[in-house]
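Chain naming here is simple, since letters A, B, ... match the order of the sequence lines and numbering starts at 1 in each.
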There are 2 protein chains.
Amino acid sequence: MGASKDEKYHMGSKERIHRLKEQTRVNILDAAYDIVKDEGWQALSMRKIADKIEYTAPIIYEYYANKEAILLELTKKGFMLLAGRMQEAKNKHTDLADQLEAMWLAYWNFAFEEKEYYQLMFGVEMNCCIMDEILPPGSTPYDIAAGPIAEMMGISDPEDDRVCTKYYTYWSIIHGLISINIVRKGTSDEINRQILKDAITGITRSLKN
Amino acid sequence: MGASKDEKYHMGSKERIHRLKEQTRVNILDAAYDIVKDEGWQALSMRKIADKIEYTAPIIYEYYANKEAILLELTKKGFMLLAGRMQEAKNKHTDLADQLEAMWLAYWNFAFEEKEYYQLMFGVEMNCCIMDEILPPGSTPYDIAAGPIAEMMGISDPEDDRVCTKYYTYWSIIHGLISINIVRKGTSDEINRQILKDAITGITRSLKN
DNA sequence: TAATTTTGTCTAACGGTGTTAAATTATTTA
DNA sequence: TAAATAATTTAACACCGTTAGACAAAATTA
């Protein structure tokens, strides 16, 4: 197609080159994610990424400081995705209890639908401590969930310690269930759903006491 | 001391050598654990182990098939240790609820006192699926905890699905809390204890309904 | 005791990893 | 077209897990 010709003649070459560089930056990330998806995160290597984008390995260092930076960027993408899913689920309901259930179910679904992301975010090198720095303010799972929790408890400040405690209770049981399930694939899906729902409604009930 | 002399004269050299080999087998494991404790599991390498036991790397392969086998052995040791702690905690009480609380507290304490083991067992490569094959029958956390749970629920068979579900609920929230806490060291210890106790008593209460 | 076999240990190497510096090629500028 | 700049590659370093072959020490046999 004539796109490249148009670009050559009608655009500043600086911008064109800048866009191309942006594209390879994206390509590197995509290639990395493909490899992780195909062969697992442990099989990811700089040379494999280079192969996939048809360059040699050192080129990648023009775009990312090192391998860790690539993993970090993927982690960031994962957290953004998760935040989106949770927000979306929340928006579908007005009832507080429904919101909470929907949000945690969205979290649960994300963990299995985007298993590679979830492992990168929580499993592998446990870099979920950077979550707060990475995400735009107001879009961490806490920010999304704390509102309904506080409201249900009759507490105005979502940063209140009591709210925080309940939030961690939710998070713990769900993250624990997921960790255990990602490993032990034996347990039936039905039982897991049951545990999950029981736990969520149990905690939710305990909010208004 | 004269031990070596005695050994030389009064013992078959075969046994002496066998004992020495047993010792280096242990030394390898100890060296590996020391490195993991000092520099983290990711820093563990065959050459470093060899350095520590004052041999060269290939020697290790006389004792362990490969690096994975060493990690596996350490994992096994970790599970044995955990099982011991939980059993010990259980034996200190007669009341069922007390037993459950003590066991899960022991689990919690183990995770932080033996952080390296716990990470090896659950964090790193998630090889807790081999738990059942590794441990002697009757000493998995499930085996230890299922009894009191079943009894409290008025169920005779500890393998009952309802017991299993409750067990996973306990395990999930505790494992989740631990995972989150090993990463986010920010949260105060007091709050964590509170969440843990709340969760345990909450689930325990739900057993007899 | 001397020769031979067995055992223990090490050296050297292979193919792989992340990463860097220098050389080379291609592109833009003058 | 010549010089300067940018893009890309080659080569190398230091590490990794692992294996094969050389070598020396010990045990066994003659």
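- Distances shorter than 4.0 Å separate some side-chain N or O of B:Lys21 from OP1 or OP2 on C:dG8.
- Relative to the six-membered ring of B:Tyr64, B:Arg25 meets both conditions, a distance below 6.0 Å and an angle of at most 45° to the axis.
- Formation of a donor-acceptor pair under 3.5 Å by the B:Lys67 side chain with backbone atoms of B:Leu44 is found in this model.
- Here C:dA26 presents its C1' atom at 15 Å from CG of A:Leu20, a figure rounded to the nearest Å.
- The backbone N or O of B:Lys48 sits less than 3.5 Å from a side-chain atom of B:Ser45, completing a donor-acceptor pair.
- Looking at B:Glu116, its side chain never comes within 3.5 Å of a backbone N or O of B:Val36 through a donor-acceptor pair.
- One interatomic measurement links the two molecules: OH of A:Tyr63 to C1' of C:dG18, which rounds to 19 Å at whole-angstrom precision.
- Rounding to whole angstrom units, CG of residue A:Asn66 and P of C:dT17 are separated by 17 Å.
- In this entry the distance linking NZ of B:Lys67 with C1' of D:dT19 reads 17 Å, nearest Å.
- Both A:Ala57 and B:Ala65 lie near DNA chain D, and the one whose nearest nucleotide falls closer to the 5' end is A:Ala57.
- A straight line from CD1 of A:Ile53 to P of D:dA7 spans 14 Å, rounded to a whole angstrom.
- B:Tyr61 places its OH atom 4 Å from the C1' atom of D:dG17, with the value rounded to the nearest Å.
- Residue-level contact check: B:Ile70 touches neither bases nor backbone, having no heavy atom under 4.0 Å from any strand.
- Contact annotation: B:Ser45 side-chain N/O to D:dC16 OP1/OP2 distance is under 4.0 Å.
- Of the candidates C:dT19, C:dT9, D:dT18, C:dT19 carries the atom nearest the A:Arg47 side chain, counting heavy atoms from C-beta on.
- Going from atom OH of A:Tyr64 over to atom C1' of C:dT19 covers 18 Å, rounded to whole Å.
- Rounded to whole angstrom, the span from the CD1 atom of B:Ile59 across to the P atom of C:dT7 amounts to 14 Å.
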